[in-house]
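Okay, so here's the structure we're looking at.
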Amino acid sequence: MMTFEIKHRDAMGRIGILNINGKKIETPTIMPVIHPNQKKQIVSMDLINKLADVIITNSYITYKTKHLREIAEEKGIHKLIGFDKVIVTDSGSFQLGVYGDIDVKPLEIIEFQERIGVDVGTILDIPTPPDVDREKAEKDLEETLRRAKASIELKKERGFKLLLNGTIQGSTYLDLRQKSAKEMAKLGFDIYPIGAVVPLMEQYRYKDVAEIIINSKMYLPTNKPVHLFGCGHPMLFALAVALGCDLFDSAAYALYAKDDRYLTERGTLHLDELKDLKAFPCSCPVCSEYTPKELASLNKKDRERLLAEHNLYVTFEEINRIKQAIRDGSLWELVEERCRCHPKLLEGYRVLRKYMDYIEKFDPVTKKSAFFYSGVESMFRPEVLRHKKRLKRIKYEKVYITTVSSSIEKPYHENLNVVETDVDILIKDPVFGFIPYYIDTVYPLSQHEVPELFDHEKEMNNEFIDEFVNWLKKKIGEDNILDIMTYNYYINYFSANKKIDADALRIRKMLQYQYGFDIIDDELMDKIKVVRSKTTGRLRQVLDENGNILFSVRSNDNMLIPSEKGAKLLWEKIPFPKYRVVVNKEAEAFAREGRNVFAKFVVDCDGELRPYEEVLVVNEDDELLAYGTTILNGIELREFNYGLAVKVRGGIK
Ligand code: GUN
Ligand code: ZN
């Protein structure tokens with residue numbers, strides 16, 4: 001029995017709760033590879049038990065080693081390993097990859113994994129190496145798919161309890177990876193490992209690794225964990241998590257220690273390189289107790305054990321750092337930092353640009369932390385791409401395009417002296433393309449930090465600017481667009497003939513940008529009242545003509561958060577199914593009570609929803625039941641069966 005739910009998220013990464021046979025695992029996490037033979041296990045099981053909630057070991061070695069097999073069959077794998085929590089086993093595929101042949105049949109090893117009480121077993125997939133002939137890659141994949149199907153059938157027929165890993169193969173052929181993901185998805189595995197990436201990682205081919213992860217992820221169900229098989233170097237975790245990997249396994253902690261190699265989140269060092277340091281650049285228990293010299297002078301066995309312990313500590317430390325970044329909304333910043341540790345890793349990161357349309361669907365619409373620019377790659381981040389798309393949500397009639405000096409702080413409207421106008425003022429921005437004056441406080445338009453850019457960086461958005469202006473010309477006609485070079489008295493001149501309620505217009509534009517519809521129409525414009533804070537002068541609330549709150553302006557991101565009246569207004573103005581999460585009859589009463597909506601009750605939704613958007617919960621007749629924040633996007637809302645879907649703010653009785 002397995003459930004998986006999302007708790008927090010950033011980029012395509014997620015903090016999930018994976019419950020396997022009643023045992024909880026918080027993802028992303030790392031599964032230390034444990035040798036089934038205790039004598040070969042260099043780090044004590046006490047430490048493993050302290051650090052890990054899930055480990056991975058090898059069922060093939062267990063099967064083929066008489067005394068291990070006997071213990072496993074008699075007492076179970078948990079007793080053999082000395083670990084009560086979740087045990088995943090590999091099937092011998094890796095040995096197959098290394099030795100070309102193994103002595104076990106595909107279903108025989110599934111039966112064995114079930115017999116010894118494994119929590120999650122693995123099919124005997126064929127790890128096809130990179131760059132083989134297409135014919136071989138296809139043939140291997142066909143065989144893996146056949147075995148996958150037979151394994152699932154066996155499990156069903158015999159009522160096996162074990163969960164199954166269905167590994168994605170296809171070598172370096174991306175279309176085969178896609179096919180593999182699609183076919184495996186149909187079979188309904190519990191966890192989807194991405195296989196045969198070890199040789200690529202050994203060769204620093206992170207670009208291929210990134211391509212393979214994303215081409216697999218795009219066709220895998222969103223509600224199942226993905227495991228990057230054989231990836232144990234902490235340097236890679238941030239990028240892989242940002243691409244939606246939830247599980248990693250590490251033999252690296254032990255293998256590297258054998259060669260006196262010291263892992264860090266930025267790469268690998270050899271103990272020799274560290275010898276002259278007074279202390280290790282790490283504060284784990286090992287590094288706090290020993291100086292590099294002391295450690296280097298120990299006998300091989302102790303040195304290896306202590307290095308392996310350090311390697312394990314830093315591996316978990318990086319996982320924890322990534323989790324913190326996800327909660328904080330700063331995972332992209334961490335990825336950008338890590339990808340600067342090796343140009344090949346940066347190359348891997350740069351691959352994402354091609355896939356940003358897809359990645360953007362999973363990236364939260366609002367984050368706790370500000371967008372930090374760390375180099376040209378930041379220009380292609382989902383926050384920027386989404387803004388460029390959503391710029392087209394605003395209803396333009398007359399537009400002034402302008403630039404302001406980079407010395408002027410954002411939000412512009414608090415720092416520029418402007419006579420406000422009903423004209424849309426689009427301020428050119430080297431990263432975001434344009435910042436519309438009337439939405440300049442909305443995330444991420446004020447919540448970002450960009451250093452002084454080089455000229456070539458400033459020009460990188462020229463193509464987008466041209467394209468957008470062309471779109472605008474078609475939309476409102478060339479005569480209604482005025483390109484003004486600097487922000488000065490022209491604005492006053494053109495606006496002098498019409499007095500407007502600038503704050504009401506601001507709210508109208510902010511709602512257009514947030515929802516893509518004109519929630520406050522001409523008639524409502526004259527009725528609403530916008531309240532600013534008396535102390536800070538910032539936008540606070542939108543009231544209707546009777547003084548009831550329609551929306552509150554959330555201070556950190558300036559998103560408009562509806563009240564019950566606001567939700568009803570949104571429901572009237574936004575046509576079905578936009579911004580809707582549709583729930584079944586069973587959930588109706590709960591939703592009306594203001595209780596949270598769980599994924600299993602969701603029957604449909606606006607497929608374009610992004611995580612953390614403010615949504616309307618309705619029944620199948622589009623009657624408004626509640627309103628709140630969706631944790632899942634439009635794809636996930638349809639796929640998830642467990643966990644929270646909408647955090648409800650209020651129900652409608
Ligand atoms: N360990 C590392 N890579 C692989 C793989 O592709 N398949 C399996 N089953 N185990 C692995
Ligand atoms: Zn250490």
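Order of listing sets the numbers, starting from 1, for every ligand and every atom in it.
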State, without any angle test, whether Asn223 and Glu639 hold a side-chain donor-acceptor pair at a distance under 3.5 Å. no
Looking only at protein heavy atoms, identify the closest one to atom 4 (C) of ligand 1 and say how far it is in Å. Phe229 CG, 3.8 Å
Lys354: what forms a side chain to side chain donor-acceptor pair (under 3.5 Å) with it, not counting sequence neighbours? Glu211
What I want to check is whether the side chains of Ser374 and Glu333 have a donor and an acceptor closer together than 3.5 Å. no
Among all protein heavy atoms, pick out the one at the shortest distance from atom 2 (C) of ligand 1; state its residue, atom name and that distance to 0.1 Å. Phe94 CD1, 3.5 Å
For Asp90, all residues meeting salt bridge (Lys or Arg N to Asp or Glu O under 4.0 Å), sequence neighbours excluded: none
Do Ala196 and ligand 1 have an N or O pair less than 3.5 Å apart? yes
Looking only at protein heavy atoms, identify the closest one to atom 10 (N) of ligand 1 and say how far it is in Å. Asp90 OD2, 2.6 Å
At a 4.0 Å threshold, what atoms of ligand 1 neighbour a non-hydrogen atom of Pro127? 6 (O)
Under 4.0 Å between a side-chain nitrogen and a carboxylate oxygen: does that hold for Lys139 and Glu135? no
Which of Glu114, Glu153, Glu111 passes side-chain hydrogen bond (donor to acceptor under 3.5 Å, both in side chains) with Arg158? It is Glu111
May I ask you to say whether Asp10 pairs ionically with Lys367, meaning some side-chain N is under 4.0 Å from a carboxylate O? yes
I'd like to verify the contacts: list protein N, O or S atoms under a distance of 2.8 Å from the Zn ion (ligand 2). Cys282 SG, Cys284 SG, Cys287 SG, His310 ND1
Tell me whether the guanidinium CZ or amine NZ of Arg9 lies under 6.0 angstrom from the six-membered ring centre of Phe362 and within 45° of its axis. no
With heavy-atom distances below 4.0 Å as the criterion, list the atoms of ligand 1 near Thr122. 9 (N)
Crowded around Tyr355 OH? As in, over 12 foreign heavy atoms under 6.0 Å? yes
Which ligand 1 atoms does Asp125 reach within 4.0 Å, using its non-hydrogen atoms? 5 (C), 6 (O), 7 (N), 8 (C), 9 (N)
So the atoms of ligand 1 within less than 4.0 Å of a heavy atom of Gly195 turn out to be 5 (C), 6 (O)
Nitrogen or oxygen atoms of Gln169 and ligand 1 under 3.5 Å apart: yes
Which side-chain hydrogen bond (donor to acceptor under 3.5 Å, both in side chains) pairs, counting each pair once, include a residue from residues 286-300, with sequence neighbours left out? Asn299-Asp302
For His227, which of Asp249, Asn165, Asp246 qualifies under side-chain hydrogen bond (donor to acceptor under 3.5 Å, both in side chains)? Asp249
Relative to the heavy atoms of Ser93, which atoms of ligand 1 are at a distance of less than 4.0 Å? 7 (N), 8 (C), 9 (N)
